[in-house]
Each structure stands twice: as structure tokens, then as C-alpha cells.
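This is a predicted model, so every value here is computed, not measured. Numbers restart at 1 for each chain; the letters A, B, ... are given by sequence-line order, proteins then strands.
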2 protein chains.
Amino acid sequence: MQIEQVDAFIIPSTDPHISEYTPERWKMREWISGFTGSAGTVVVTKDKAGLWTDSRYFLQAEEQLKDSGIDLYKAGLPETPTLPDWIASELSAGDCVGIDAEVYAASEAKSLIEFFSGKGLNVHTGFAPYKSLWKNRPANPANPAFVLPKSFTGKSCRDKIKEVLAETKKNQADMTILASLDAIAWLFNIRGNDVEYNPVCLSYALVSEKETVLFIAPEALTHEVSGYLQQEGVAVAGYEIFGEYICGIPPETKVLIDPSKINYALYTILSKTCIIKEVTVHPVDSLKSIKNATEIAGIRNAMQKDGVAMVKFLIDLEKTLKNNETITELDVEEKLRAYRSKQAFYVGESFHTIAAFGAHGAIVHYEATSGSNVPVLRNGILLIDSGAQYFDGTTDITRTISTGQVSETVKRNYTHVLKGHIQLALAVFPAKTVGMQLDILARQFLWKAGQNFLHGTGHGIGCFLNVHEGPQSIRMNYNPVPLEPGMITSNEPGLYLAGEYGIRIESTLLTVKAKTTDFGDFYAFETLTLCPIDTGLIDAALLSPEEINWLNAYHQEVYSRLSPLLSMEEDGWLKEQTKPVS
Amino acid sequence: MQIEQVDAFIIPSTDPHISEYTPERWKMREWISGFTGSAGTVVVTKDKAGLWTDSRYFLQAEEQLKDSGIDLYKAGLPETPTLPDWIASELSAGDCVGIDAEVYAASEAKSLIEFFSGKGLNVHTGFAPYKSLWKNRPANPANPAFVLPKSFTGKSCRDKIKEVLAETKKNQADMTILASLDAIAWLFNIRGNDVEYNPVCLSYALVSEKETVLFIAPEALTHEVSGYLQQEGVAVAGYEIFGEYICGIPPETKVLIDPSKINYALYTILSKTCIIKEVTVHPVDSLKSIKNATEIAGIRNAMQKDGVAMVKFLIDLEKTLKNNETITELDVEEKLRAYRSKQAFYVGESFHTIAAFGAHGAIVHYEATSGSNVPVLRNGILLIDSGAQYFDGTTDITRTISTGQVSETVKRNYTHVLKGHIQLALAVFPAKTVGMQLDILARQFLWKAGQNFLHGTGHGIGCFLNVHEGPQSIRMNYNPVPLEPGMITSNEPGLYLAGEYGIRIESTLLTVKAKTTDFGDFYAFETLTLCPIDTGLIDAALLSPEEINWLNAYHQEVYSRLSPLLSMEEDGWLKEQTKPVS
């Protein structure tokens with residue numbers, strides 16, 4: 001920092017692809033601080049260092065930062081300054097803030113630079129001292145890619161490229177550039193294993209009338225994948241030469257990008273000679289979000305298998321508890337993984353399972369560790385949020401179950417969450433409706449009780465791709481992307497009472513056409529997830545007739561779809577769990 | 001146009017204050033086209049002329065444009081080009097579009113100029129040929145202003161100016177400029193009579209540390225008002241010299257403006273020498289929207305009086321129909337006006353009454369004319385949307401009533417609208433919630449039936465000021481302004497079946513604090529409007545117990561607040577109308 005005259009250095013948690021999950025090589029924040037949480041940003045000044053992270057990691061960060069000399073800044077608390085504000089208050093006009101443009105989304109870097117400029121601070125955007133300081137820094141992964149056949153994707157790579165090119169032209173651009181790993185995997189119908197949970201390959205891509213190029217490590221390309229790409233008209237180049245390659249794009253080329261999905265280093269190169277056409281949602285992300293008939297059939301299969309695994313697990317859990325055998329949160333993770341892994345086309349988990357008993361359930365993104373692990377007792381609430389990657393689909397399901405008698409208050413709270421879940425599942429809405437308009441359906445009963453949950457109600461889910469994808473969402477915040485037929489979105493209201501328990505009920509929704517009238521097109525949701533909802537936690541007196549009908553019809557569907565795949569004993573259990581509520 | 005080399009001239013419907021209702025002087029669009037609807041824009045090219053207006057005026061425009069040589073462009077239909085697109089397609093690169101900067105909001109002018117520049121067209125922003133061509137153009141009005149005492153406003157002008165100055169500084173500005181007539185009326189606690197329905201004075205204002213100046217015609221200032229303004233520390237200057245005055249603002253002065261509330265001519269003057277600080281909501285509009293205790297007490301009184309007038313009218317209507325006497329839509333307007341005018345502090349109507357029988361009810365902004373006027377028959381649906389200005393408050397109420405037997409379908413539709421009205425009235429929501437999040441509460445039952453209404457669910461309402469005010473709204477569109485305690489907003493879901501009938505149920509909501517919990521502050525609504533809802537149109541089987549409770553409690557409140565002000569006979573009628581539904 002002294003040599004480069006940098007007075008404050010920011011180290012965020014992402015990578016050159018602005019990924020949610022990053023390869024080991026890009027865990028600089030973990031390297032410098034020892035803090036391993038999924039979210040957190042470190043700032044180093046000449047005499048101070050701080051880590052900003054959110055409430056789910058306060059305890060963990062406090063422990064991991066002990067004796068590190070790094071102070072914990074609890075983001076979101078009223079007394080905590082935001083990271084940029086803190087930097088502005090620590091530095092003086094004329095000082096310099098260092099960031100590594102390679103790990104900042106262009107949109108974020110631009111607003112940060114604007115903010116610091118307004119405070120009279122300079123920004124050094126090429127500051128990445130870990131390049132030389134980090135001994136034994138892991139190399140970029142280059143695991144073998146593989147082709148996902150058309151029987152799963154429903155559309156050839158060649159056809160997808162044509163559509164992307166048409167959209168690129170519609171946006172008055174000659175070319176588009178992709179850095180999001182899931183966008184690239186979708187476009188080329190390839191998958192990989194370069195990061196945890198997301199079945200993607202480290203890569204970049206470029207699509208123009210003249211050429212379509214996939215930038216990927218040669219080691220990742222099997223003979224089969226190389227042949228396939230050639231056949232689809234895709235040229236291949238090395239991952240490492242991408243930056244160089246785009247330097248050579250002819251001047252004045254109009255390049256379409258989503259500035260929130262491309263890093264600022266690439267943006268800077270492009271903006272030197274090209275005309276940048278910015279979009280807030282990249283056409284690939286729009287196209288990817290609308291699942292085709294093959295993908296929807298696949299996800300239905302995946303849901304059935306996932307439901308079978310969940311039911312087998314729930315029966316196992318019930319037996320274990322009945323027999324007074326010990327089962328811990330980590331055992332739950334392990335058992336769930338085992339049941340899922342027996343299903344056809346199983347690849348792995350789609351995210352780290354949250355198995356949270358009692359008070360742990362109130363920690364929204366709890367992950368059991370050997371230190372935190374507790375046994376599941378016979379008198380509480382167990383929240384299990386888990387999912388899997390199958391070749392034919394990605395699942396994400398949360399069920400909250402009671403392991404014994406619960407109080408009326410617990411039942412009321414659970415029923416409020418369930419009512420919200422059902423009301424969202426029952427929504428009918430005109431074309432062009434965005435998630436923010438529907439969000440209250442899931443929250444209204446909690447709000448009336450003076451309660452709320454501070455995460456989104458719904459996120460997009462990929463098809464054998466990232467478990468969190470855009471562009472749509474259902475949240476309290478505004479997102480202008482409407483919910484369209486073919487989109488797959490989670491429905492996951494919850495309630496978290498610190499020190500007591502957490503409740504979340506999550507299924508996956510498919511947007512479908514409902515009807516067309518004089519008032520236009522109306523859409524609705526179909527719940528894809530197949531797994532019983534714990535009726536032992538319900539206060540049926542609080543449900544409306546419409547809600548009871550939904551619950552009973554849902555359970556009937558769960559039973560009829562899963563029953564053929566269960567043993568007689570399992571079938572009996574499921575029949576009992578799905579019997580009508582009145 | 002030839003002399004000034006203008007190839008297309010746009011004539012909109014607003015005035016230098018970007019008002020909804022304009023003085024006669026600014027009805028250029030009406031002058032040039034003969035079309036008198038409240039919304040419409042004319043474009044004149046060398047060989048064509050067109051009027052763009054929306055569906056509520058298609059019929060009227062067709063009639064009024066007959067033989068005018070002006071073509072009707074039905075805005076909103078898929079086949080109709082937007083006005084800027086049409087101009088771009090008619091002109092060639094290098095051609096010039098003329099607009100009068102004085103009657104364009106700065107924000108709108110800027111986006112129009114950007115659009116046309118993108119098409120290679122020039123924009124002449126000072127083109128206002130009606131200045132010389134319009135013979136006998138009416139002068140600007142200069143009716144006497146009057147002071148609204150603190151017993152109605154609850155806060156002195158001096159204190160309001162202090163608050164505005166504090167907000168101006170908070171936005172790093174030295175000065176702010178106001179052009180919105182209702183904002184100025186609120187700030188100075190004066191009212192006037194220069195435009196229809198809105199009790200405002202034609203004026204501009206400037207607030208800085210050094211001075212507060214009201215620019216108003218000398219004829220408008222009575223001795224009383226002059227003395228009052230002097231006492232409050234307000235300097236006065238002529239309305240006409242405002243442009244000149246702001247030319248003299250010292251260079252580099254930081255001026256706070258809302259570019260959607262100030263015309264482009266003023267904006268251009270300011271931007272030459274001053275530093276413009278733009279806000280999307282002007283502090284005066286924010287402050288004005290939060291009603292103080294005095295204003296709320298006033299509006300409660302106004303609601304009681306308005307309810308009495310409505311009840312007397314409804315009894316009169318019922319009798320008239322029972323006696324087989326004729327009563328037309330225009331008679332309804334007249335009778336309503338008469339009953340309201342007998343109430344204390346009555347000033348006038350707050351907008352043109354919509355009395356729409358049968359199929360007329362499906363025309364959202366129907367105004368009966370001698371040509372369209374029909375008698376109210378004893379077998380249909382009558383929609384009445386009306387309101388008044390009282391010194392102590394502004395009202396806006398819609399009731400839809402049956403004048404005979406109605407079908408089950410009508411009842412179902414009416415009950416769906418009512419359920420939405422009730423669900424919105426029952427909403428509880430956390431601080432920071434915006435109208436778009438609540439809007440679905442009012443629409444959900446219609447959406448499930450494949451129906452909708454294409455106007456907003458709620459607009460802000462002033463206190464003895466404009467019946468439509470911002471900054472909050474409850475709509476399908478995003479508006480980032482949260483609903484805060486003290487705001488007054490309408491609740492007006494509807495349903496319009498072309499050629500059949502229209503339904504709308506509108507009351508006024510006050511946002512109030514509901515509770516504070518571990519999850520923060522929660523707000524709710526209190527319905528201020530006091531007038532029975534026609535239970536003869538309700539299918540009670542479709543109402544939830546919660547909805548029935550609301551309706552009965554509302555009717556009990558209506559009865560207990562209005563009964564003391566009614567004759568025995570009227571009281572009997574109201575008792576019957578408000579008896580519990582089960």
C-alpha cells in the first residue's frame with residue numbers, strides 16, 4: 001500500500017465472474033482475515049483493519065477475527081457506518097482507495113468511484129497486492145466440462161446462440177460478452193464442477209455475427225466436449241487470454257453488456273475502444289429464466305425424486321427420535337445427502353444444507369459446524385432447508401417440523417407463515433406483474449401480528465444450474481422484471497424469533513398461464529415441490545376454507561405423485577401425513 | 001412554423017405550473033383543436049395534424065374533431081404509435097420539432113429532447129406561436145387570495161418556511177424554487193380561486209436563507225393578505241417578473257428543484273448560472289403530505305359534513321325514484337352540490353362530479369353533458385364519484401348504488417370490488433412500505449376472476465387543497481415514496497364492464513401507527529370517509545368473517561358519527577342502511 005500510495009484497500013467476497021460461490025483462488029477476503037462466512041468485506045487502512053458482515057455471521061466473525069487485529073463492523077445495525085462512509089471518515093481529501101477492478105462488478109465499481117470522488121478521494125482500480133503476497137495461492141480450477149444433452153436442455157446451443165444474437169441486434173449491438181458462469185453454461189449446454197454447488201465451468205464467452213467463442217481452460221475440454229462445441233459452431237480459446245482477446249475487438253464495435261454481471265476491469269478495456277450498450281438484464285438471463293417444456297418436464301421429475309428422498313428422510317428421522325437414538329444437525333445433513341444421492345441423475349447438493357434445531361433455526365443462514373452442532377431433541381422445532389442438483393433439475397425445499405408437542409403460540413406463528421405460503425401459491429395476476437406486487441401475499445398475516453421476515457420471499461432457480469438465479473424475484477424491494485410463464489421461483493416465507501426457533505416453508509413455483517379475458521392475460525403459479533407440510537404445527541382454525549382446500553389438494557397431489565415410488569410402509573406414513581385437514 | 005423552420009409542433013394540456021387544472025389562458029390545445037377533454041396532446045406538422053388522447057375521450061374527441069382536419073390517435077391501443085414515435089416517423093433527420101418550454105416539465109422536456117436527438121431531430125424549445133396567433137387569449141387570472149388561519153393549517157407559514165429551509169440545506173442547496181400552485185398555497189397558508197376545483201393562486205415562490213419571496217399578481221393581494229405575509233417575513237413580487245428575478249440569482253447559487261414540478265423554461269434559465277440540485281420529491285411535497293393533528297381534526301369534520309350531505313342526497317334519490325319522478329345524471333350533480341353547499345365551511349366541489357348511470361359507469365372519467373345525460377332508472381347501477389372543498393378539508397368519495405333488483409353476477413362483481421376495498425382498509429404494514437406493495441390487496445379478488453381496473457387504487461389528497469396530490473400513491477406502478485403516518489390516500493378499487501355498468505367504492509384512508517414490535521414500526525389505515533356502502537349489492541356469502549366484521553364496524557362508525565346531525569327520519573334511514581350484515 002505504501003509503494004502504490006494506497007491509503008485504504010477494500011477486499012470483497014466475489015471473483016472476476018461476480019459469482020455467489022467462488023473458487024478457492026478468489027477467497028482473498030478469507031485469506032487476509034481468516035473469516036470464512038459467505039458474505040463479508042475487509043478494509044485495510046494504514047493503521048486499522050475492519051470486516052463488515054451481516055447479522056447471520058456476527059458470532060462466527062467475532063470468533064474467527066479474535067487476535068487478528070481486524071475489527072468487526074456489524075453491518076445493518078444503526079450504529080455501524082457503511083463501509084464507504086467509514087473509509088471516507090478515515091481518509092482525508094486527496095487520499096487514495098485501492099480496489100481490484102477484476103473482482104468488482106462494473107456497476108458497483110462505478111458507483112463506488114462516484115461516491116469517493118464526491119468525497120475528494122482518488123480510487124486506484126488496479127490494486128491487487130494478493131497477486132504477489134499470497135503464497136501458495138490456489139490456481140484457477142479447470143475440471144472437465146461435460147455436455148448436457150438436448151433431452152435435458154430442450155434447445156440446442158446453436159438455437160440459443162441464434163436467439164441471443166437476435167436479442168443483441170435488437171439492442172443495437174454487434175456483439176455481446178458474458179462473464180456469468182451460469183449464463184455461459186446455459187448458452188452452450190455444458191456443465192462443470194469448478195465451484196461448489198453450482199455446476200458450472202470457469203469461462204467467458206463472446207457472441208457476435210462473425211463468431212461465438214468460449215474461453216475456457218484447455219484441460220477442461222474433453223474430446224467429447226471439443227467435438228460437440230465444434231459441431232455447434234462454437235470456437236474455443238483459452239480462459240486466460242480473454243482480456244487480451246477483447247483488447248483486439250475492432251474499435252467502434254457495439255458491445256452489449258450487463259454492467260452488474262461483468263467486472264470493472266473488462267468494462268474498462270471495452271470502454272476504451274468499443275461502444276458499450278448497457279442493459280439491466282442480459283438477454284441470456286431473460287431467456288434462461290423462461291424454462292421450456294423439456295426443462296419443465298425435467299424439473300417435475302427432479303421434484304418427484306427429491307420428494308421421495310425427503311419422505312424417506314422424514315420417516316427415518318421420526319423413527320430415530322421414537323427410538324430415542326441421537327441424531328444431530330450434522331447427521332441430518334448427512335442422512336439427507338445419502339437419501340438424495342440414491343436418486344437417478346443425482347449430482348450433488350445445490351447449496352449447503354441448513355439443518356437448524358431450536359434457536360439455531362432463528363439464524364437465517366445457519367450452517368451446523370462441529371462447534372455448533374446439537375442433537376435434535378424430541379420437544380422442538382427443526383428447520384431443514386436443502387436441495388440437490390440432478391441432471392434434470394435443481395431443487396430447493398424448506399420444511400419446518402415439530403419433534404414433539406408445541407405451544408399454541410408456535411402453531412399460530414407457523415400457521416401465519418403457512419397462510420402466506422398458500423396465498424402466494426394461490427395468486428392470480430395479470431401479465432407484467434412484478435414480484436414486489438405479490439410479495440405482501442406471503443407477509444400479510446405476519447405483518448398483522450407485527451412480525452416479518454427480512455429475506456426475500458422468492459428467488460429464481462436454474463435448471464441443473466444455480467439455485468439462486470435472476471432476473472425475477474419476489475421481494476419487498478422493487479425489481480422491474482415481471483413474472484412470466486415458464487419462470488421458476490421459490491416461495492419461502494418464514495419467521496425467526498432470536499433465541500427461540502425459526503420457521504420457513506419453501507416450495508418452488510412455476511408461473512403458468514391461467515386465463516385470457518377482456519382484461520388481458522392472467523398468470524398463476526403451480527407448486528412443483530412434492531413433500532408434505534407438517535400438519536402437526538397447524539392451527540386449522542386460522543386457515544380460511546380456500547387455504548384448507550389448497551392444503552388438502554396439495555397433499556393429495558404429493559401423495560399421488562410420490563406413493564408409486566414408496567414402499568408399503570413409507571406409503572402408509574405418507575398417507576397419514578397427507579390426510580385432509582378440516 | 002415556416003418562418004421559424006419548425007416541422008412539427010407539439011401542444012400539450014398543461015401550463016407553466018404543470019397543473020392538472022389550468023386557467024383558460026393555458027388551454028392552447030383546446031383553442032387549436034376544439035377538443036375539451038382534460039387530457040390530450042395535439043401535434044401539427046406541415047401537412048398533418050393529430051390529437052392523442054386516451055380511451056375515456058375517444059368518443060368525445062371523434063365528435064369534437066369532426067371536420068377540424070385533425071386526426072384522432074387513440075393512445076394506448078396497440079396499433080397507435082406514441083406521439084414521439086409518430087413525429088420521428090413523419091420527419092426526416094435534420095428537421096425540427098417545436099415545443100414551448102414554458103408548458104413542459106423540465107424532466108419531460110429533457111427526455112423528449114434526448115429522444116428526438118437520438119433520431120437526428122432538432123428541438124426548438126421556444127416555439128409558442130399562440131402568443132401572437134390566439135386572438136382574445138384570456139389573461140392570467142388574479143383573483144383575491146385569502147389567508148387560511150392556523151386553526152385550519154395547524155402550522156404557521158413562518159414555521160413551514162423554517163422546515164423547508166432546513167430540508168433545502170440538507171440537500172446541499174442554498175435556495176429552492178416552487179412552481180406548483182398547491183405547494184405554494186400550503187407553504188404560505190394562503191388559498192385562492194384562480195383555477196377550477198383547486199383552491200390555489202397563480203404564483204411562484206423562492207425560499208432562501210436571505211429571503212422568502214412570493215410572486216403573485218398585485219391584484220390578488222388584499223390588504224389583509226399583504227399584512228399577513230409581511231408579518232410572516234414573506235416578501236412579495238409581481239407574478240410576471242419571476243423569470244426576470246431568477247435571472248438575477250447570483251451565479252453558482254445552489255438551487256433545489258423537482259424537475260417534474262418546474263417548467264423547462266425556468267430550468268433553462270437556472271441552469272445557465274446556478275448549480276441545480278435535483279430531487280425526485282420536493283421537500284414541500286413531502287411535508288405537505290404528512291397531515292398534522294389540526295389538519296386531521298379538520299378533515300374528520302369535513303368527512304362528517306360530507307357524509308351528512310351524501311346521506312341526505314341518497315335519501316332524496318331514493319324518494320325521487322320511489323315516487324317515479326325523473327332524476328337525470330345532471331340532476332344528481334346538482335342535488336349533491338346543493339346538499340354539500342349547505343354544510344359549514346363549504347367552498348365548492350373538489351372536482352367535476354361523475355354521476356354515471358348504467359353503461360356510463362363503465363366510462364371511468366365520465367362527465368354527463370346535456371348531450372349524454374340520461375335519467376336514472378329503477379333497474380340499474382348508479383356510480384357517483386364526487387367531493388367538496390371545505391375550509392377544514394377536501395373530500396373525494398365514490399359510492400355505487402343499485403336502483404332496483406340486480407343479478408347475481410352484478411353482486412359477485414360488486415362484492416369482489418368491496419372485498420378489495422376492505423382488504424386494503426385492513427392492511428397492516430412495516431415502515432418504508434410503498435403503495436405498489438399494498439396495491440394487490442385491492443385487486444386480488446378481481447384478478448382471480450380474470451378482471452382488473454386500469455386506474456390507480458389510491459392517490460394523495462390535500463387539506464383544502466388539490467384532490468389529487470403526491471407524492472405517495474397506491475398503484476400497479478412503482479413509486480418509491482413510502483406511506484407514512486399522517487398521509488391521506490384514497491382507496492378506490494373498481495370494475496368497468498364496457499356497455500354494461502361500472503363499479504367503484506372509494507373512501508379516504510389516513511395512515512396511522514399500528515404497533516411497534518421487535519420487527520420495527522408497523523402502520524395501518526383508518527377510513528375517514530363516512531357514508532354507507534350499499535349492502536343491497538353485496539353477496540355476503542363471498543365475504544370472509546374478517547371482512548364482515550370490518551363492514552359492520554364501519555357502518556356502526558358511520559351511524560354513530562352521522563346520526564347526531566340527522567333528522568329523525570334520516571336517522572331511521574341510516575340505521576336501516578347500516579344494520580349489520582351476516
Query raised in the report: Does the pair A:Glu546/B:Lys448 count as a salt bridge with the N-to-O cut at 4.0 Å?
Result: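 Looking at A:Glu546 and B:Lys448, the cut-off is met.
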
Exercise for review: Pick one of side chain, backbone, both or neither for B:Tyr523, based on which atoms fall under 4.5 Å of a heavy atom in chain A.
Suggested key: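 Nothing of B:Tyr523, per the 4.5 Å heavy-atom cut-off to chain A.
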
Please flag which part of B:Thr516 lies under 4.5 Å from any non-hydrogen atom of chain A: side chain, backbone, both or neither.
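Interface part for B:Thr516: neither.
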
* Heavy-atom pairs under 4.5 Å with chain A, option from B:Lys515, B:Gln437, B:Lys432, B:Gln444 with the top count ->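 Highest number of pairs under 4.5 Å: B:Gln437.
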
message = I'd like to verify something: which residue of B:Asp521, B:Leu426, B:Leu446, B:Asp518 has the highest number of heavy-atom pairs under 4.5 Å with chain A?
response =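 Top option by heavy-atom pairs under 4.5 Å: B:Leu426.
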
_Looking at chain B, which one of A:Leu438, A:Leu497, A:Thr517 has the largest number of heavy-atom pairs inside 4.5 Å, strictly under?_
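Result: the option with the highest number of such pairs is A:Thr517.
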
### Message
Under the rule for side-chain hydrogen bond (donor to acceptor under 3.5 Å, both in side chains), what residues qualify as partners of A:Asn549, not counting sequence neighbours?
### Response
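Once residues adjacent in sequence are excluded, A:Asn549 has no partner under the side-chain hydrogen bond (donor to acceptor under 3.5 Å, both in side chains) criterion.
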
*Aromatic ring proximity A:Phe429/A:Phe525, centre distance under 6.0 Å*: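 Between A:Phe525 and A:Phe429, which both carry aromatic rings, the centre distance is below 6.0 Å.
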
Quiz item: For the residue pair B:Tyr414 and B:His421, is the inter-centroid distance of their aromatic rings smaller than 6.0 Å?
Solution: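 No, ring centres 6.0 Å or more apart.
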
Sort A:Ala514 into side chain, backbone, both or neither according to what part of it lies under 4.5 angstrom from a heavy atom of chain B.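 Looking at A:Ala514, nothing touches chain B.
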
Does anything in residues 473-485 of chain B get under 4.5 Å of chain A by heavy atoms, and if so which residues?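 Against chain A, the residues of residues 473-485 of chain B that fall inside the cut-off (heavy atoms, under 4.5 Å) are B:Met476, B:Tyr478.
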
*Please check if any side-chain donor atom of A:Asn491 sits under 3.5 Å from a side-chain acceptor atom of A:Ser507, or the reverse.*
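Side chains of A:Asn491 and A:Ser507: no pair found under 3.5 Å.
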
Does the side chain of A:Ile257 come within less than 4.5 Å of A:Ile276's, by heavy atoms?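 In contact.
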
(Q) Tell me whether the NZ or CZ atom of B:Arg504 lies within the 45° cone about the ring axis of B:Phe453 and under 6.0 Å from its centre. (A)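 Judged by the rule, B:Arg504 and B:Phe453 form no cation-pi pair.
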
Give the minimum heavy-atom separation between A:Thr400 and A:Gly502, together with the two atoms involved.
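Of all heavy-atom pairs spanning A:Thr400 and A:Gly502, the closest is CG2-O, 3.7 Å.
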
Looking at every heavy atom in both B:Ala540 and B:Ile548, which two are closest together, and how far apart are they?
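Looking at all heavy atoms of both residues, the shortest contact is O-CD1, 4.0 Å.
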
